[in-house]
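The next block holds one structure in the form of structure tokens; read it before the comments.
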Amino acid sequence: MTATKTIRWAGALGVASLLLAACGGPSDEPADGASGTGDGREIPLSLNQTEEHPNFLALSEFAENVAERTEGRVNIRVFPNAVLGEQQESVQLVGDGSVGMASISAPQMVNLNEDFMVLDMPLVFDSEEHQMATINDMEIVGELYSSLADSQSLTVLGAYTQGARSVYNSRGPIETPEDLAGLKVRVQESPLHIAMIQAMGGTPTPMPFSEVYTALQGGVIDAAENNAPSYLTQRHYETAPYFSYTNHLIGADFLVVNSELLASFSEEDRAVVEEEFAASVETFMSIWQEQVAAAIEETTAAGAQYNEVDAEAFREVLQPVVDDALETETQRELFEAIRDRA
Ligand code: GCU
């Protein structure tokens, strides 16, 4: 276990004992996230972003609005900076009820149900608007979002956009896939993302989000791929100042809830949670758009260089990745339902 991990887990344990203390110690009910039913006990929400990131701002507002409308019965608290674990761990903790909710990037959901891959591939969404018009439409995704309730106790409430993701690196501007040759690029832990970076010409290195800064700094990797707000808030621009608009995939962060926890709310309170999350998607979009612009400005002022790429050349290498990935009838139907709205 690395030092950072040890500290992080010590942090999580600290939080767990705080929760225990808040609940008055061991009792008949487990003192965990799932036990925080609509009775005012704290429901931890695990997030791997900083307090400046749009996800933290929008989720905190969501938590406040839910608390207000349920008169404190549903009491969500956002824990930023991955103190409750990286996403791969967090999603397990939500499933076993140790943590009530978490913000989880699409690749981690794909690892639990491959149909989520359709919402996490290049070329499926034409724009953030197209993504937002489909990814929170329960007619299209309702079945998928409840597909893990029985097997994993996970329910997806909805999604925020990650915007288009682009490659940034320490060596120089990228314009074509050939420029990625020899670059070790951090990817999220998923076979599709590995295949995607390989097709784009780079050498993929999967690792958790919070380890990227140190890996870039130590030269373990030369590049990563993300959006401007994460590029800024994780300070990746310090060591990877060349941000090239490959726009290779529009990503998504899902709000995942322990299914028993959700079922424990009164019908009224559950409706409030669902309504407030839907409303927070709107709030998020306006914070997001502002922060993308601000992040580009701030990182540019700090020395980062943004450049356009040969978009057609990247599209050509990405198309076969998408064609290969769509394997089942369910995946193809979902893909078509989304493309129909393009
Ligand atoms: C984005 C996203 C995170 C994700 C991260 C990553 O910042 O919002 O949820 O973990 O990308 O690349 O791992």
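Every number for a ligand or one of its atoms is a count from 1 in the order of the listing.
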Using the ring pair (Phe, Tyr, Trp, His ring centres under 6.0 Å) definition, which of the options Tyr168, Phe243, Tyr231 pairs with His236?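 The single option meeting the ring pair (Phe, Tyr, Trp, His ring centres under 6.0 Å) with His236 is Tyr168.
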Establish, from distance only, whether the side-chain atoms of Ser153 and Ser259 form a donor-acceptor pair under 3.5 Å.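 Looking only at side-chain atoms, Ser259 and Ser153 do not form any donor-acceptor pair under 3.5 Å.
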Counting only heavy atoms and a distance below 4.0 Å, can you name the residues contacting ligand 1?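 Under the 4.0 Å cut-off, ligand 1 touches Asn48, Gln49, Gln87, Ser105, Gln162, Arg165, Arg186, Gln188, Phe209, Asn226, Ser230, Asp253.
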CA sep, side-chain torsions, deciding dist, call: Phe254, Tyr160, ring pair (Phe, Tyr, Trp, His ring centres under 6.0 Å): CA-CA 7 Å; Phe254 296 103; Tyr160 290 161; over 10 Å; no
Note: Arg235-Glu238 ion pair, threshold 4.0 Å (strictly below):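 Here Arg235 pairs with Glu238 in a salt bridge, since their nearest N and O are under 4.0 Å apart.
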In terms of side-chain geometry, is the basic nitrogen of Glu336 or Arg332 positioned less than 4.0 Å from the acidic oxygen of its partner?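 Salt bridge: no.
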Geometric cation-pi criterion, Arg171 with Tyr242: 6.0 Å, 45°: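 Output no; distance or angle outside limits.
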